[in-house]
Amino acid sequence: MRILRRAFFARPTEVVAKELLGKVVVRTFEGAPSRRARIVEVEAYLGPRDLASHARRGPTPRAAIMFGPPGHLYVYLIYGMYHCMNFVTEPDGEAGAVLIRAAEPLSGSDETDPRALSGPGKLCRALGITRVDKGLDLTSPSSGLFVAEDGSPAPPLARSPRIGVDYAGAWKDRPLRFFVPGHPSVSGNRALRIVTPARAVKQVST
DNA sequence: CAGCGGATGTGCT
DNA sequence: GCACATCCGCTGG
């Protein structure tokens, strides 16, 4: 496994988002086994012009980290009970971040349910990510969270509008969500997953 | 199984 | 005071 360096994140947010699909998130703990998960769904959030992005109001106390150096973790609380984790992108001084929405469990616990990490809130809960982790350096393995590539081929990629940003005017329709089509760990219901024209495979029902 | 609404607290108006 | 980059349990068909 090769840890992603800062140069990986210091690029256009949309490019980073696409290339994060298939990469492995590694969460380490003191005195407990680490947890690994393969990213299968992300969303790109751009700078101040993106009306769906927390950067739209400029570097407020909450979102200032999006304007800082790339390769750091942006975490926020949503609906009072869930956390969302983002990787900061773009060069220092430019805002951008990639929301990690879903991942496939690889190891670290008895967790084998492919839907255990199928959503941004569930993912943070399973990996133990909260606001105290906001700002940690993803390129430093000792900080508790990093991203790696393991040599597996790039997975198939589909795109769609982002989830839950209907307030964002014309930006709500921009196809800035990227996911592995048909993967069982992708979030949302069946209808959401059939965004691609690819023929829907009949679901196995009991 | 699809659809709806409650939980819960922070940030911005 | 309300909106919010969510999730899950309850309802009805």
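Computed from a predicted structure; not experimentally measured. Chain A is the first sequence line, chain B the second, and so forth, proteins listed ahead of strands; every chain is numbered from 1.
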Give a yes or no answer on whether the side chain of [X] reaches the backbone of [Y] with a donor-acceptor pair at less than 3.5 Å.
X: A:W171; Y: A:V165; answer: no
X: A:R27; Y: A:L127; answer: yes
X: A:T28; Y: A:S34; answer: no

| message | Any carboxylate oxygen within less than 4.0 angstrom of a Lys/Arg side-chain nitrogen, looking at A:E90 and A:R11? | response |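 A salt bridge is absent here (no side-chain N lies under 4.0 Å from a carboxylate O).
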
| request: Answer yes when A:R6 and A:D137 have at least one side-chain N-carboxylate O distance shorter than 4.0 Å, and no when they do not. | output: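 So A:R6 pairs with A:D137 through a salt bridge.
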
Between the protein and nucleotides 9-12 of chain B, are there any N/O to N/O pairs under 3.5 Å, and if so, what are the atom names and distances?
from	atom 1	to	atom 2	distance (Å)
B:dC12	OP1	A:T60	OG1	2.7

Grab the [atom1]-[atom2] distance between [X] and [N] for me, whole Å please.
X: A:R125; N: C:dT6; atom1: CZ; atom2: P; result: 14 Å
X: A:I129; N: C:dA5; atom1: CD1; atom2: C1'; result: 17 Å
X: A:E41; N: C:dT6; atom1: CD; atom2: C1'; result: 13 Å
X: A:L51; N: C:dC4; atom1: CG; atom2: P; result: 12 Å
X: A:Y167; N: C:dC2; atom1: OH; atom2: P; result: 19 Å
X: A:K122; N: C:dG9; atom1: NZ; atom2: P; result: 11 Å
X: A:R56; N: C:dC4; atom1: CZ; atom2: C1'; result: 9 Å
X: A:L123; N: C:dC7; atom1: CG; atom2: C1'; result: 14 Å

| request: Taking all heavy atoms of A:F178 and all of A:A44, pick out the closest pair and write down the distance. | output: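 Heavy atoms of A:F178 and A:A44 come nearest at CE1-CB, 4.5 Å.
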
| query | Stems in DNA chain C: runs of 3 or more consecutive Watson-Crick or G-U pairs, distances under 3.5 Å? | reply |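 DNA chain C forms these stems: B:1-7 with C:6-12, B:9-12 with C:1-4.
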
| query | Taking N and O atoms by type only, does the side chain of A:Y76 place a donor or acceptor under 3.5 Å from a partner on the base of C:dA5? | reply |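 Answer is yes: a donor-acceptor pair is held.
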
| message | Between A:Y76 and A:H83 (judged by ring centroids, cut-off 6.0 Å), do the two rings come close enough to count as a pair? | response |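 Between A:H83 and A:Y76, which both carry aromatic rings, the centre distance is not below 6.0 Å.
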
| For atom P, what is the distance between B:dG3 and C:dA5, given to the nearest Å? |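 That atom pair is separated by 23 Å.
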
| Side-chain donor-acceptor pair under 3.5 Å between A:S185 and A:R38, yes or no? |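 Side chains of A:S185 and A:R38: no pair found under 3.5 Å.
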
| task | Using distance alone, with no hydrogens and no angle criterion, decide if A:T89 and A:T13 have a side-chain donor and acceptor under 3.5 Å apart. | result |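 There is such a pair (donor and acceptor under 3.5 Å, judged by atom type) between the side chains of A:T89 and A:T13.
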
